[in-house]
There are 2 protein chains.
Amino acid sequence: MRQGGTDAVHDERLALRKRRPSLVDAACEHIRASILSGAHWPGSQLPTEAEFVDVLGVSRTVVREAVARLAAAGLVEARQGKGLFVSETARYQAFQITREEVENLSDVIQLLELRLSVETEMAALAAERRSEVDVMSMRQQLKILGEAAIGLDDSVKADVEFHNVIARASKNSYYAKLIDFLGVRLVPPRSLYLRQGQSYVGARYKAVISEEHEAILDAIIRRDPDAARVAARSHMSSSLKRHRDLQDFMSSHSPTG
Amino acid sequence: MRQGGTDAVHDERLALRKRRPSLVDAACEHIRASILSGAHWPGSQLPTEAEFVDVLGVSRTVVREAVARLAAAGLVEARQGKGLFVSETARYQAFQITREEVENLSDVIQLLELRLSVETEMAALAAERRSEVDVMSMRQQLKILGEAAIGLDDSVKADVEFHNVIARASKNSYYAKLIDFLGVRLVPPRSLYLRQGQSYVGARYKAVISEEHEAILDAIIRRDPDAARVAARSHMSSSLKRHRDLQDFMSSHSPTG
DNA sequence: CAGTTATAAGTTATATGACAACTTAAATAA
DNA sequence: TTATTTAAGTTGTCATATAACTTATAACTG
């Protein structure tokens, strides 16, 4: 029947309500706790599925799904014919940022602070290591950004891509990964600009951004790490200031105080 | 029988060999691809388990485990009686670093480069925002580090904690989260020092590190962001240089070239 | 005896069928 | 109309069986 049909998003809030913990949740927690408690060190063998079935009093299906979850999280590793093992990377939890955090403007500012530090050094590395192709890609994105009739979506896209190219030019894959990671997290707040009556997306705003981008690109072309650092810091600082101003504006005009 | 027994870690390398993709892996990839391709937007309903069984030609067990993995990764959400949905947070993938990456020394250097950028700005923020309690905590860790009879493990622990305190003092939770995340990833290579006959863990090495730490702490106490930035950069640069030297040493002495 | 192969046991991987719990829509009753 | 019941669809859980893989040991071979 597929009751949801085309009206799948009929109630957003319902999706966020707390569900009572399932058996799989419980099994998951049991195994995770037994690992984090230190009873099993990385690389050591865990009890078998059958043993978990006995201890937890659930079916093998439940145990297997719990293991699937933990394996997906990189906490355990199942080896056919051998058994279940604590992953060597068990302590390597992911760097995660939840949706709730991002939707809070003050968190966005904190993220921008983090991004500032990353972008400055990344620009410096890019200045040292960039290739000619990298420079061409940067020029291309800035050209797109400079076009008069560009839409907001395309504008954001080109902006993000410009920074991605710098990340790649740094020849350090972790910068690229982190910037990509932080990038999608910083897209949502742009809707805030729109709510403010597009006061920030006017021509003057565009010109300022453009100048900042050009300064970064210039430094990278000249292979001048220090100048690139300064330019990138300046760019991110302005971005940060704009967000801070917005935060002040909203907190002084919001009905909730 | 539990063949592994107490000898669970008998062959490290075996764990790293590529396993042929299981049916669950395939199913996982299929569903993930269908989401990332844009066919299903966040909040929309996915095909049912039964449909996946038909399309993929596998049992429900496989589909369920694949779903369990994707759910653990936060990509999908199963609601009993309703169906399978693309999670609202689907686009919020985690920033992950795998073990294979970390075990490569050149990757460690790349990570240190990333960390350098984070630490410099974090130290500057800490200088601006630190409380008296923060300063006390930093002093305490440096005092531990200065003790003569300290073991290597405790030394690493205090070192990590010192940087954690700075992260907290920055009053930006994302710095703390990221440093914590990167921190555990940078511990493994210390074993490399030991293999090199402890040439780097001598008294002179300790004195240099100590001076660098003191410089950072001084700047933070004086609430001097620029000085903190310089000191932190200097500290991380030296660390980076030590790793680069080690890399050169190993590549010129390794039997594989 | 040394080295190889065969066998058996333990383990995970997969398949199948069944029932319970939950959700929705339609049918039914007041 | 409104409320209740019913039926169908879906995920959650259980149980059983078989295949594939790994290891230790027994059996075999030279």
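In the text below, chain A, chain B and the rest are named by the order of the sequence lines, each starting its count at 1.
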Using whole Å, report how far CD of Gln45(B) lies from P of dT23(C).
14 Å

Check: protein-nucleotides 15-18 of chain C nitrogen or oxygen pairs below 3.5 Å:
residue : atom : partner  : partner atom : Å
dA15(C) : OP2  : Ser59(B) : N            : 2.8
dA15(C) : OP2  : Ser59(B) : OG           : 2.9
dA15(C) : N7   : Thr61(B) : OG1          : 3.2
dA18(C) : N6   : Arg60(B) : NH1          : 3.3

Residues two or more places apart in sequence or in another chain: which of them pass side-chain hydrogen bond (donor to acceptor under 3.5 Å, both in side chains) with Asp159(B)?
His163(B)

Integer-rounded Å distance: dT12(C) C1' and Asp25(B) CG:
14 Å

Output the rounded distance in Å from CD (Glu49(A)) to C1' (dC14(D)).
15 Å

What one should report as the nearest heavy-atom pair of Ser131(A) and Lys171(A) is N-NZ, 4.1 Å

Whole-Å distance between dT11(D) P and Gln80(B) CD?
10 Å

Table please: side-chain donor-acceptor pairs of residues 66-74 of chain A below 3.5 Å, with sequence neighbours left out.
residue  : atom : partner  : partner atom : Å
Arg69(A) : NH1  : Asp25(A) : OD1          : 2.6
Arg69(A) : NH2  : Asp25(A) : OD1          : 3.4

Gap between atoms CD and P, on Glu65(B) and dT12(C) respectively (whole Å):
12 Å

For Glu65(B), enumerate each residue passing the side-chain hydrogen bond (donor to acceptor under 3.5 Å, both in side chains) test, keeping only those at least two apart in sequence or located in another chain.
Arg64(A)

What's the CZ-P distance between Phe85(A) and dT22(D), to the nearest Å?
11 Å

With sequence neighbours excluded, what pairs up with Ser170(A) under the side-chain hydrogen bond (donor to acceptor under 3.5 Å, both in side chains) test?
none

Would you mind reading off the distance between Glu77(B) atom CD and dT11(D) atom C1', rounded to a whole angstrom?
13 Å

Any Lys82(A) side-chain N or O less than 4.0 Å from OP1/OP2 of dG10(C)
no

Would you say a side-chain N or O of Arg79(A) is under 4.0 Å from OP1 or OP2 of dT11(C)?
no

Partners passing side chain to side chain contact (heavy atoms under 4.5 Å, CB included) against Val55(A) (at least two apart in sequence or in another chain)
His30(A)

Separation of dT23(C) C1' from Leu84(B) CG (nearest whole Å):
15 Å

